[in-house]
Amino acid sequence: MTTSTAPYADLTGPTLARRIMTAPTAGPLAALVLACAFFSLATDQFLSGGNFSLIIQQVMVVGTLAIGQTLIILTAGIDLSCGAVMAFGSIMIAKMAAEGTVPPLVAIALGLAVCAGFGLVNGLLVKLIPLPPFIVTLGMLNVAFALTHIYSKEQTVADLPSQLTFLGNTFPLGGTDVTYGSLVALALFAVFAHLLSSTSWGRHVYALGNSSEAARLNGVRIGRLTIGLYALAGVVYGIAALLLVSRTGVGDPQAGQTDNLDSITAVVLGGTSLFGGRGSVLGSLIGALIVGVFRNGLQLMGVASIYQTLITGVLVILAVTVDQISRKRTR
Amino acid sequence: MTTSTAPYADLTGPTLARRIMTAPTAGPLAALVLACAFFSLATDQFLSGGNFSLIIQQVMVVGTLAIGQTLIILTAGIDLSCGAVMAFGSIMIAKMAAEGTVPPLVAIALGLAVCAGFGLVNGLLVKLIPLPPFIVTLGMLNVAFALTHIYSKEQTVADLPSQLTFLGNTFPLGGTDVTYGSLVALALFAVFAHLLSSTSWGRHVYALGNSSEAARLNGVRIGRLTIGLYALAGVVYGIAALLLVSRTGVGDPQAGQTDNLDSITAVVLGGTSLFGGRGSVLGSLIGALIVGVFRNGLQLMGVASIYQTLITGVLVILAVTVDQISRKRTR
Amino acid sequence: GSGSKGSTAAGSSGGTVKVGLITKTDTNPFFVKMKEGAQKAAQEDGVTLTTAAGKFDGDNAGQIAAIENMVASGVKGILITPSDSKAILPAIKKARDKGVLVIALDSPTDPQDGTDALFATDNKKAGELIGQYAKAAMAGKPAKIATLDLAPGVAVGQLRHDGFLAGFGVAAGDPSIVCSQDTGGDQAKGQTAMENCLQKAPDINLVYTINEPAALGAYTALKAKGREKDVLIVSVDGGCTGTQAVKDGKIAATSQQYPMLMAEKGVKAVADFAKTGTKASGYTDTGVTLISDTPQTGVDSKDTGFGLTNCWG
Amino acid sequence: MMSTQTPTPVLQARGLVKRYGHVTAIDGADFDLLPGEVLAVIGDNGAGKSSLIKALTGAVTPDEGEIRLNGEVIRFNGPQDARCHGIETVYQDLAVAASMDIASNMFLGRELRRPGPLGSVLRMLDKKRMREEAAEHMADLKIGLRSLTQPVETLSGGQRQAVAVARAVAWARSVVVMDEPTAALGVKESGQVLDLIRRVRDKGLPVVLISHNMPHVFEIADRIHVHRMGRRAALIKPGDYSMSEVVAIMTGALTVDEDGGGTVVADAEAAKAAGIGTN
Amino acid sequence: MMSTQTPTPVLQARGLVKRYGHVTAIDGADFDLLPGEVLAVIGDNGAGKSSLIKALTGAVTPDEGEIRLNGEVIRFNGPQDARCHGIETVYQDLAVAASMDIASNMFLGRELRRPGPLGSVLRMLDKKRMREEAAEHMADLKIGLRSLTQPVETLSGGQRQAVAVARAVAWARSVVVMDEPTAALGVKESGQVLDLIRRVRDKGLPVVLISHNMPHVFEIADRIHVHRMGRRAALIKPGDYSMSEVVAIMTGALTVDEDGGGTVVADAEAAKAAGIGTN
Ligand SMILES: Nc1ncnc2c1ncn2[C@@H]1O[C@H](COP(=O)(O)OP(=O)(O)OP(=O)(O)O)[C@@H](O)[C@H]1O
Ligand SMILES: Nc1ncnc2c1ncn2[C@@H]1O[C@H](COP(=O)(O)OP(=O)(O)OP(=O)(O)O)[C@@H](O)[C@H]1O
Ligand SMILES: [Mg+2]
Ligand SMILES: [Mg+2]
């Protein structure tokens, strides 16, 4: 009987050191650090505040999409429509604001609402009929893609009001120019990291991804939770649309075509399981940064484009190998 | 005690009628039939042997890729590299044969072997380290893509020997011209349908996809089974490469770039679960045909291409809805 | 055109004549403009236009399927911008064997007589023009060149790139080319590529871009570094947004092409074929014009006023 | 047995039917749970016990039949409805979230928030308190645990079952339903669960206990609901019958008289095999 | 207990250790299975019984220690190795393929082929024969089944367990290991499994039976291996001790003398609670 009344060693939770070692993001982080170390040695230009600021700017759009993608993947879903929804949102915001149909801030609000609407429709189809997320979001990808081109008449929208491009402006931080948009993206990561790890809602998301039947039997309202998640992911894509517009300074109907695969890659590189229930948004941030660092570093090294593709392929596999090895060691 | 000794109602297996109604392919088939019926009414040119022969030719490459993709997805994996591996195989076969380095048949054999090699590497990485299939095949996609362009020096290879294009030739069948390649693809479907449904190996594949742990505990050698499956999928991609070369008459380094998503779409439309263990190659054939029929029918109707994209998106969602509804009804 | 129904076979006298237009993609404004030109011409000539496109630049299989489906739907002629100059030939041959007139737009097949006729601009020449322009504009300054290209293995990108280098007078691999990156012709990717190029070689002073969206992306990146004034950007395409950017001084010069013209001529040729049975043939150059507001001696160019009246999108 | 005047049942069902394809899992089942009683539900494997309680707790929607809670007809739209009415269930397959730890599972759907603005504004969970309370509940069951933070998928079969039992008991306000709660438990741990059930009953809550363990059933049940081939075959008091008679009823060797009390041999041979003389 | 001359054990282990992170599931465990005996393995929840038999059947590779089969040191590279040596196991979590039917599960890994070229060339499975044989094996256990072709994921808990038990018994050639095979089974069905175990033993195969059901254990076991906190606490004959003594050993209230025979009170209070006077 001694075992049962003895205090549990870990009643107070794991120690900080153990927490860092066993954190699911430890592996991706190790891969990121290794990559940075390598490129710092290989090129002179890599290791500078300006270059890091640049990398963050370059990955912030895909990174933000990866937040929404993480939400969906945690529920064992997948979202192929994220890039197309973002493209539609960005062209809508840009066009309405540039043509002066509505004030810029209203345009932004409408853009977010439309993106949320796409997400909502995804969620309803996935949950109510129910249909496989892969097919629903594939269909929505085509729909949003076509609507983007029909609505924009293939025209890039330039000359945007300053409210739309404000997030692309920079301010100095310790000698480096940082864009406001980068801050918004990082803040968004912080918010969702908090929501997922420290609130009831987050617990329910993980439970749903673990086993939707178990979650249901425990009284989690999985229907509204799922639908809400897809809609929320839509809002996040809307924010990504705004970041995109502010970064490029135009509304571009061509945007986002490879972003669905890129965002899924970031999520998976970050250690989130495609089978749901395991992972974190911080992992996805690290995943997005890993890809960004590869692209930036290889280019700084002057590797020819086609070899960049080749090497990126190998490096992506190496990055998850590092993750896998670090998991085995701490187990 | 009467219940236990009473003969089971279904000892002899389900009746044929019930088998057809509850077959997992019944839903996709219903969607396909509905689509055909619609286009037959909407355009005059749809309902003809020649047009059907055409559709089969158009989907046979993606359909063949979908066979390999089905194998991988049945194990709860995913293969993003299939199109790129096929492209590499096709350019290799074409180039070696056209330049006369080796006799055409040897070129074909080498091409198949190289594709199998790619699959084998995928399988080894997925199983031995182990790494997530998504990332492994994404990395391999980049590697194969880059190698294709490096090896081909971006040049399309024309003037192929007749052994390579033979499968593109037609023979009359009931007044319709049918290509030999279509027959090869259909035969391949039949072979794999047989292997999966009626052999030990097929049972093991499904068991592995259901729960690799349960399969392992039951003595299925899941390591070699998985690795073998990836290698076999590679061989199938090699056959797809040959079909592609014979259909287009050239070796084209640009081939296959969207075929990974297209083949996954065919598999999922065919009712196979992305979580593994449930599905069939015949479903994937039907899935590929559904997409082919949509494209062909909309083109015959003269729908503008951007609206084709829009409508295809909606139709794909409708197709799985039909599947879902038909499942509910027969349950 | 509403009466697409009822025209069963090509050449049946009663039904409307159908013309197919197959572009490389659906989404590039260049091809969208081409479709508009074709639509306008189709209305004037009383023929029905159907369109199709590849899924990406280089999607040969998609174009083949489109040709087959169009032939099945009974078109009289097909206008195509081939994604791949060789790979499309067998499919075109099958269509031509069935009596369909096939005309290549924008870029040729290889060999060029794979199609009945070719209405195109010379992409290599377009590159050469901006290369020559850049050479003159640099006025002997040592050049540090960045090239923002299209994608591996796409002929248009290769021709323009090669043309630019030839016009500028450097060989591929010359040390003055300090950074080369694929952008897919996309503005955001162009921006990212330029940012990284500047990180690598901050003293870049000449940027060649595959098209104006990539050029504008490069401009945004340069502006963020305060370098937009002292770096020369040259581009190809001549879309309205791009020409406007030349006018605004963001891009120094661009080679303007005329997709609408190609399409209009193509549709007319098919309509003629339907009426008279004579097939168009040979190569018709639809021309390329260098557009710049800062002309350089020794290089012919027109100003943006001309450019904007003749631009296509 | 139902001839005497009884109080309104807490949970009652009449004529429940649930079909899965060509399998009829519930075939016109009745059910009555009186206030404050421990009702054992017994029956052969595949008799439909789990299906019955799934229907009673909103986890499955019956095709036919009606359910009453405290005398009023009710329709549960999912398990959370039943939970809102204070009904807690231990399902046979436990329904735990595999990758989450014990505390997260125990508080799933009713997490505790931190006091103050951290909880009300930032909605932060009070992980420490949840862990402590979970530890207390688990200690109640005297389950040997070597770590509280490991994911439940790595727990032993019995440990996992204990988590589900502790959770249900901790939260129930009107009815506790347990589907074979001691199946994977050791002798000592099973004893603790029986104790727990007694304590719950002493608080006035009725308990439904599905079990194959006849000694347990006879030790703790106030009444026994015998389920057979998808419906209730008998509703008896344990004192009125011997264990082997009850087993014989379960297997169909005996049937209970319509007017209560006696049994009738339905299958003489089977009854003999079960050790029952003809009475 | 081990002082008398014994034949070479069929399956033997010394000093097995298996750690998972900071949890030590097996902590220097010994194990001996003699020819033709039924060896019961009992112990508290989380004592490490399942981990032990997983290590013995190749499902898990122990970190330390050695395993002997018929006296020879052996290393299993996965469960299929153990199966090749005729060892069949019913795992606690059953290890069935959810979407496949009973026959497919029962014949998983040793499917029957059709006679003639259909089997040898086309390698076609003899589905009908597999279904028939599966039906026979299930009938042996007298499990009520309403359909043979439904996926096992839709079976009741007991039905699913019966599939796993029938499978192991059908195939074993040297050892049968069963981890709580009757946990989800009804009274009648449990009896059938005990019968089956006896029949297996009578064929000369030794059986390892993990169970929490003391009456079952005392009814059928030739020897009892008591597992406690990751290692063997005692190896006894059921006749030598009473049921409550064995339970006391299991919970640590009593310990067994090194030189066999007697017991020593380790925890007087606990022993009292377990109903054992000091002896
Ligand atoms: N989802 C389902 N689909 C098909 N058949 C089902 C399903 N669920 C249960 N069944 C069948 O219904 C019958 C009753 O199952 P149930 O789980 O209710 O039995 P049980 O009495 O709880 O048995 P046990 O004591 O073994 O747990 C069984 O024959 C089972 O196979
Ligand atoms: N994969 C694993 N990871 C971490 N801990 C584990 C793992 N498997 C088992 N354990 C731990 O090892 C200990 C022994 O578990 P085991 O399943 O062997 O117990 P058991 O004796 O079979 O218990 P029960 O009677 O409840 O089935 C438990 O504390 C359990 O939590
Ligand atoms: Mg049950
Ligand atoms: Mg166990």
Side-chain angles (χ1 to χ4, degrees), chain A residues 73 76-78 80-81 84 121-122 125 129-150 154 260-262 264-265 267-269 271-276 287 304-321 323-325 328, chain B residues 73 76-78 80-81 84 121-122 125 129-150 154 260-262 264-265 267-269 271-276 287 304-321 323-325 328:
Chain A
I73 290 182
I78 196 159
L80 299 177
S81 69
V121 173
N122 278 339
L125 290 169
I129 296 191
L131 299 178
F134 183 92
I135 288 289
V136 168
T137 57
L138 179 74
M140 204 54 82
L141 158 68
N142 284 319
V143 171
F145 179 83
L147 288 181
T148 302
H149 290 276
I150 293 169
E154 318 289 357
N260 50 6
L261 216 57
D262 289 350
I264 299 171
T265 303
V267 172
V268 177
L269 268 183
T272 296
S273 159
L274 283 175
F275 297 100
S305 281
I306 192 73
Y307 288 95
Q308 285 182 27
T309 308
L310 182 71
I311 297 170
T312 304
V314 174
L315 287 184
V316 160
I317 294 178
L318 275 184
V320 277
T321 308
D323 178 12
Q324 208 54 41
I325 289 170
K328 268 194 194 146
Chain B
I73 289 182
I78 196 158
L80 298 177
S81 69
V121 173
N122 278 339
L125 291 170
I129 298 193
L131 299 179
F134 183 92
I135 288 289
V136 168
T137 57
L138 178 74
M140 204 54 83
L141 157 68
N142 284 319
V143 170
F145 178 85
L147 289 180
T148 304
H149 287 273
I150 294 168
E154 319 285 2
N260 49 6
L261 216 57
D262 289 349
I264 299 171
T265 302
V267 172
V268 177
L269 268 182
T272 296
S273 158
L274 284 176
F275 297 100
S305 46
I306 192 76
Y307 288 95
Q308 287 183 26
T309 307
L310 183 71
I311 297 171
T312 304
V314 175
L315 287 183
V316 159
I317 294 177
L318 276 184
V320 278
T321 308
D323 177 13
Q324 209 53 41
I325 289 170
K328 267 193 196 148

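Below, each value reflects all heavy atoms present in this structure, side chains not excepted, and no hydrogens, waters or symmetry copies. Numbered from 1 within each chain, the chains take letters A, B, ... in sequence-line order.
Heavy-atom distances place no part of A:A304 under 4.5 Å from chain B, backbone and side chain included. For B:A319, no part lies under 4.5 angstrom from a heavy atom of chain A. Proximity to chain A is limited to the side chain of B:L125, based on heavy atoms less than 4.5 angstrom apart.
Of the listed residues (B:L310, B:V316, B:L318), the one with the most heavy-atom contacts under 4.5 Å to chain A is B:L310. Between chain B and the residues A:A146, A:A76, A:P132, A:S305, the largest count of heavy-atom pairs under 4.5 Å involves A:A146. Most heavy-atom pairs under 4.5 Å with chain B, from the set A:I311, A:V136, A:T265, A:L147: that is A:T265. In terms of heavy-atom pairs under 4.5 Å with chain A, the best-connected choice from B:L269, B:V314, B:I264, B:L261 is B:I264. Among the candidates B:L131, B:T312, B:L315, the residue making the largest number of heavy-atom pairs closer than 4.5 Å to chain A is B:L131.
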Table please: side-chain donor-acceptor pairs of residues 137-144 of chain A below 3.5 Å, with sequence neighbours left out.
| from | atom 1 | to | atom 2 | distance (Å) |
| --- | --- | --- | --- | --- |
| A:T137 | OG1 | A:I78 | O | 3.4 |
| A:T137 | OG1 | A:L80 | N | 3.1 |
| A:T137 | OG1 | A:P133 | O | 2.8 |
| A:T137 | OG1 | A:F134 | O | 3.4 |

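The shortest side-chain heavy-atom distance between B:F145 and A:I306 falls under the 4.5 Å cut-off. The shortest side-chain heavy-atom distance between A:I150 and B:Y307 falls under the 4.5 Å cut-off.
Side-chain polar atoms of B:S81 and B:N122 form a donor-acceptor pair below 3.5 angstrom.
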